[in-house]
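In what follows, chains are A, B, ... by sequence order, proteins preceding strands, each numbered from 1.
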Protein chains: 2
Amino acid sequence: MDNDLIRQIRKLNQLHSYTSIQMHEAIARKAGLSGTDHKYLGFLLQKGQMTAGELSNLTGLTTGAVTGLIDRFEKKRLVKRQFAEDDRRKVIIVPNTKNIMTLLVPLYKEFRTKSEKLIASFSSKEIKIIESYFLRAIEIMIETTNKLNKK
Amino acid sequence: MDNDLIRQIRKLNQLHSYTSIQMHEAIARKAGLSGTDHKYLGFLLQKGQMTAGELSNLTGLTTGAVTGLIDRFEKKRLVKRQFAEDDRRKVIIVPNTKNIMTLLVPLYKEFRTKSEKLIASFSSKEIKIIESYFLRAIEIMIETTNKLNKK
DNA sequence: AATATTATCTTAGCAACTAAGATATTTTCT
DNA sequence: AGAAAATATCTTAGTTGCTAAGATAATATT
């Protein structure tokens, strides 16, 4: 077993994560968002509409901070507030997918094209290897995060 | 060409980045650091000692913000300030590797073990594939970031 | 030797966060 | 049903960490 190689891949993985944060922040700035706002906007986009409380739990922000977050997004017409029909205390945050896409897609376009080209340069057997690595790596990070947040 | 598979890997890559940010922040909290402080501490650890100005350039923070950053680290005995011998205006930030390790290693230990185990579960041919993917993916992200920061 | 430049620090002001409490609505208990 | 408790979000006061601009101290230039 080549320990140097293993360590090198681990380091590469770390660099990959770090570089992705940098890119994420650069895109945020161009979109007129802070790094954290960009992160949570992606969250809303991925998960779809949710209540303010759910967003608070998912992000770890206090409810007050979430109020401010939604205010900023609403001012930019990226989401809108809607009272839940079954419980009028609840505020449903409805992402305006079209506006969000208009804002972000142009900034991601080139990156996306290049990434897909990179992936396509591998055989499907090779892609499966990369996929299985990612799947397990993600699993490990989630385990680690959950353990830390519990303790 | 299987476009669905390509898109899936791209999504997986995105999830990988996102999850790593979550873990990074969870570790920061446990260490009594903010997410950004953790990031820049890792930076110092990786690059070794540097002047305050270099850290400002590398992080994109203003010199004032760097002063505050070093103050927080120094209070925790994670770095110390040292005037440069050749130019006494310069402040060299010397990381206290031992203290930083004492703080962070226990939090990363399990993650590291699991990661290395995961990597070791692949053949060296497979590892080379993963490596080449990472190398190019990192390159693409750096290109994208640089373009955005220039424009 | 005087002036300009450079490296860091300080200060004032701002944005976004937390903690605690206010408000409005719903649920539970008699 | 009506009072009390619980819940979901918002508001407010105070804190933190950031930027921009200017202060301070050391070095380089003319």
Side-chain angles (χ1 to χ4, degrees), chain A residues 21-22 24-26 28-44 47 49-76 78-95 149, chain B residues 21-22 24-26 28-44 47 49-76 78-95 149:
Chain A
I21 297 173
Q22 299 291 99
H24 197 265
E25 285 186 0
R29 265 196 303 282
K30 277 287 151 187
L33 300 168
S34 74
T36 56
D37 279 12
H38 182 199
K39 187 166 89 183
Y40 299 140
L41 189 60
F43 218 89
L44 270 168
K47 302 260 180 184
Q49 62 175 233
M50 59 180 77
T51 66
E54 282 166 353
L55 188 59
S56 167
N57 282 328
L58 286 169
T59 58
L61 295 175
T62 59
T63 60
V66 167
T67 299
L69 184 70
I70 304 171
D71 285 348
R72 291 193 295 280
F73 286 156
E74 208 171 34
K75 204 171 285 174
K76 293 183 166 146
L78 299 175
V79 308
K80 73 169 185 236
R81 279 181 167 93
Q82 217 166 51
F83 287 107
E85 285 182 17
D86 62 319
D87 183 345
R88 294 174 40 73
R89 290 168 306 179
K90 287 185 184 168
V91 165
I92 300 178
I93 310 161
V94 185
N149 287 339
Chain B
I21 296 173
Q22 299 291 99
H24 196 264
E25 284 187 0
R29 264 196 303 282
K30 276 287 152 190
L33 300 168
S34 74
T36 56
D37 279 11
H38 183 198
K39 188 166 89 183
Y40 299 138
L41 188 60
F43 218 89
L44 269 168
K47 303 259 181 184
Q49 62 174 230
M50 59 180 77
T51 67
E54 283 165 351
L55 187 59
S56 167
N57 283 328
L58 286 168
T59 59
L61 295 175
T62 59
T63 61
V66 167
T67 299
L69 184 70
I70 304 170
D71 285 348
R72 291 193 295 278
F73 286 157
E74 208 171 34
K75 204 171 283 174
K76 293 184 166 143
L78 300 174
V79 308
K80 73 170 184 237
R81 279 182 166 93
Q82 216 166 51
F83 287 108
E85 283 183 16
D86 61 320
D87 182 346
R88 294 175 40 75
R89 289 168 307 179
K90 287 185 184 165
V91 166
I92 301 178
I93 310 160
V94 184
N149 287 338

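Checked against B:Leu55 for a side chain to side chain contact (heavy atoms under 4.5 Å, CB included), the options B:Thr63, B:Leu69, B:Leu61 give a single hit: B:Leu69.
Distance CD1 (B:Ile92) to C1' (C:dT8): 13 Å, rounded to an integer number of Å. Between A:Leu61 atom CG and D:dA8 atom P the separation is 17 Å, expressed in whole Å. For B:Leu69 and C:dT10, the CG to C1' distance is 17 Å, given to the nearest whole Å. Rounded to whole Å, atom P of C:dA7 lies 10 Å from atom CD of B:Glu54. The distance between atom CZ of A:Phe83 and atom C1' of D:dT7, rounded to the nearest whole Å, is 15 Å. Across the protein-nucleic acid pair, B:Glu85 atom CD and C:dA7 atom P stand 18 Å apart, rounded to whole Å. B:Glu74 places its CD atom 9 Å from the P atom of C:dC9, with the value rounded to the nearest Å. For the pair A:Phe73 CZ and C:dA15 C1', the interatomic distance rounds to 15 Å; values are reported in whole Å.
B:Thr51 comes within contact range of the sugar-phosphate backbone alone, with a heavy-atom separation under 4.0 Å but no base atom that close. Looking at heavy-atom distances under 4.0 Å, B:Gly68 makes no contact with the nucleic acid at all.
For the atom pair CD (B:Gln49) and CD (B:Gln82), the distance works out to 7.0 Å, reported to the nearest 0.5 Å.
Around the NZ atom of B:Lys80, the shell of radius 6.0 Å holds no more than 12 heavy atoms that belong to other residues, nucleotides or ligands.
With hydrogens and angles ignored, no donor-acceptor pair closer than 3.5 Å exists between the side chain of A:Arg89 and the base of D:dT9. Judged by distance alone, with hydrogens and angles left aside, B:Thr63 brings a side-chain donor or acceptor within reach of the base of C:dC9, the pair sitting under 3.5 Å.
Of the candidates D:dT11, C:dC9, C:dT25, C:dT25 carries the atom nearest the A:Arg88 side chain, counting heavy atoms from C-beta on.
Judged purely by atom type and a 3.5 angstrom limit, A:Lys76 has no side-chain atom pairing as donor or acceptor with the backbone of A:Leu33.
Between B:Ala65 and A:Val91, the one whose closest nucleotide on DNA chain D sits nearer the 5' end is A:Val91. Taking for each of A:Asp37 and B:Lys90 the nucleotide of DNA chain C with the nearest heavy atom, the 5'-most of the two is the partner of B:Lys90. For the pair A:Asp87 and A:Thr36, nearest-nucleotide mapping onto DNA chain C gives the more 5' position to A:Thr36.
You'll find the side chain of B:Phe83 reaches within 4.5 Å of the side chain of B:Val91, heavy atoms only.
For A:Arg72 and C:dA16, the shortest distance from a side-chain N or O to OP1 or OP2 is below 4.0 Å.
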